[in-house]
Amino acid sequence: MNLSLPAWVYSNAEFFSLEKEYIFRNTPQLVCHESDIPEPGDYEAFTFLNRDIFVIRTTAGEIRAFFNVCRHRAHRLLREERGNCGNRIVCPYHAWSYSNSGKLAHVPYLEEYDGMSVADYGLIDVPFEIFQGFIFICLESDHRSIADWLSPIANELDLYRLPDVVSIAERTRHPVRANWKNGADNFIDALHVRVAHPGLNGLLNKTYGITAASNDVFRLEGQVKDILGKSELAQRYYECLPDVPHLPDSHQKSWLYFLVWPNLMFNLYPDQVEFMQFLPVDEHNSLIRYGTYALPDDRPAMQEARQLNIALNIEVGDEDMSLISSVQRGMENECFTQGPLGRNEIGLLGFARRLRQVLPVSTKAEPPAEGEILSLNLAMLASKDA
Ligand code: FES
Ligand SMILES: [Fe+2]
C-alpha cells in the first residue's frame with residue numbers, strides 16, 4: 001500500500017531549511033503581469049523567503065526588478081504592496097532618493113560622506129524573466145530556465161492569450177497556518193472536491209478529476225455542465241457564461257488547473273485566468289497569493305460571469321483554507337505519522353514521489369534526530385547517485 005509523506009516534514013524547521021536550499025532557492029517566482037505596471041513609476045513589491053523585492057516600470061518604459069532595500073541603512077523603500085512612486089523612490093528613513101530606474105539621485109548631506117560616489121550606490125538589480133506576460137524574479141544565477149520549466153503547459157497556456165490579459169481584481173494574499181505542502185497537496189487532491197466543495201462540485205457536475213501528472217506538472221479539469229445541487233451562484237454562472245471566441249470547443253466550459261512543481265498554479269477558466277502561489281513563510285505558515293486576469297471583453301454576460309466566478313472561487317478558497325489549516329493541525333498531533341494513499345490519489349502520490357526524489361530523508365516515517373536531518377539527507381542523496 002502507498003503511504004503519504006510523513007507528518008513531520010510538514011512542521012520541521014530543519015526540513016524546511018532543506019526545502020529552501022534544494023527546492024526554492026533556484027525556482028523562479030511570479031511577481032505580477034506586465035499589464036499590472038503599465039505606467040512609469042508603477043511597481044509591485046514581493047517578498048519571498050525574507051527577501052524583499054519590487055518590480056517597476058521606468059520612465060523609459062522598461063521593466064526592472066530591484067531589492068526593496070535602501071543602500072544607506074537598509075530600510076525598506078516601498079512600503080505598499082502596489083502603487084506608483086512617480087519618478088522618485090524616496091526612502092522613508094533619511095530620504096535618500098532613487099530614480100525609478102534604480103539610480104541613486106539624491107543624498108541629504110552628501111558632502112559629509114567622504115569620497116562617496118552616488119554612482120556606486122544605485123539599487124541592487126534582481127534578475128527577472130518574462131514568460132507569456134508574467135514577470136518572474138530569479139534570485140539565483142543558476143535558476144531553472146522558465147521556458148523549460150513551463151514548457152509542458154506552454155501550448156495549453158497559449159490558448160488563453162496570457163500576454164494580453166489585464167488584472168480584473170485586487171491582488172489577494174491570505175496568510176494560512178499551514179506548511180506550503182499542505183496547500184499544494186490540497187490543490188492536487190481531486191477527491192475532496194465532491195465532498196468539501198458543494199458549490200464547485202455542483203458546477204462541475206462530478207466531472208472534476210486529475211487528467212495528467214508528470215514529474216513537474218499536475219493537470220486537473222472539470223467541465224461546467226448541467227448544475228447539480230442548489231448553488232445559486234453556480235446556476236447563474238452556468239446560465240450566463242457566453243461563448244469565448246479565442247478558445248476551442250474543448251475549453252469553452254473547462255475549469256482547468258495546473259500545479260507546476262513546487263508552488264506555482266494557473267487556474268484557467270473560460271472567462272478569466274488566475275495565477276496562484278503557496279509561498280512558504282516558515283515550516284508552519286504560508287501565504288496564499290493570487291492574481292485574477294482577463295482579456296478585455298465588455299459583453300454584459302461576460303462581466304457577470306466574471307463576477308460570479310470570483311464569488312464562487314471566494315467560497316472555494318474559504319473552504320480550502322479551512323481544510324488546509326485543519327490538516328496542518330491534525331498532522332501536529334503526535335497520533336498521526338502518515339496515512340495511506342489510494343491508487344486514485346494520483347496528485348498526492350505524484351507530489352510525494354517528487355519530494356522524495358529531491359529530499360530522500362522524507363522517506364523516513366519518523367523525524368531523524370535533531371541536527372541530523374541535513375547530513376542524513378546528503379548521505380541518502382549520495383547513495384542514490386552511487
Ligand atoms: S536607510 Fe534609507 S535613507 Fe537611510
Ligand atoms: Fe479544494
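Just the heavy atoms: all of them, side chains too, but no hydrogens, waters or symmetry mates, feed the values below. Counting convention: from 1, in listed order, for ligands and their atoms alike.
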Parallel under 30°, tilted from 30 to 60°, perpendicular over 60°: which one fits the rings of [X] and [Y]?
{"X": "F48", "Y": "F46", "result": "parallel"}
{"X": "W261", "Y": "W180", "result": "perpendicular"}
{"X": "F134", "Y": "Y293", "result": "perpendicular"}
{"X": "Y257", "Y": "F187", "result": "perpendicular"}

**Protein heavy-atom partner closest to atom 1 (S) of ligand 1 - residue, atom, separation in Å** = R73 N, 3.1 Å
**Request:** Name the closest protein heavy atom to atom 3 (S) of ligand 1, giving the residue it belongs to and the distance to 0.1 Å.
**Result:** H94 N, 3.3 Å
Give the atoms of ligand 1, by number and element, whose distance to some non-hydrogen atom of [X] is under 4.0 Å.
{"X": "A95", "value": "3 (S)"}
{"X": "C91", "value": "1 (S), 2 (Fe), 3 (S)"}
{"X": "H75", "value": "1 (S)"}
{"X": "W96", "value": "3 (S)"}
{"X": "Y93", "value": "1 (S), 4 (Fe)"}

**Request:** Apply ring-ring contact (aromatic ring centres under 6.0 Å, His included) to the pair W149 and F131, showing each step before the final yes or no.
**Result:** CA-CA 11 Å; W149 178 42; F131 177 87; 8.7 Å; no
**Fill in**
In terms of heavy-atom contacts, V281 and L287 come closest through CG2-N, 3.9 Å
**Message:** Below a 4.0 angstrom heavy-atom separation, can you tell me which part of P92, side chain or backbone, both or neither, approaches ligand 1?
**Reply:** neither
**Request:** Considering just N/O/S atoms, say which atom of H197 is closest to the Fe ion (ligand 2).
**Result:** NE2
**Fill in**
Per residue D320, nearest N, O or S atom to the Fe ion (ligand 2) is named OD1
**Asked** Closer than 2.8 Å to atom 4 (Fe) of ligand 1, do we get an N, O or S atom from H72, backbone or side chain?
**Response** yes
**Contact check: C70 to atom 2 (Fe) of ligand 1, N/O/S below 2.8 Å** = yes
**Message:** Does this structure show an ion pair linking R299 with E304, if we count only N-O contacts that are shorter than 4.0 Å?
**Reply:** no
**Message:** Run R289 and Q277 through side-chain hydrogen bond (donor to acceptor under 3.5 Å, both in side chains) and show every step you take.
**Reply:** CA-CA 5 Å; R289 177 176 185 265; Q277 295 155 305; 2.9 Å; yes
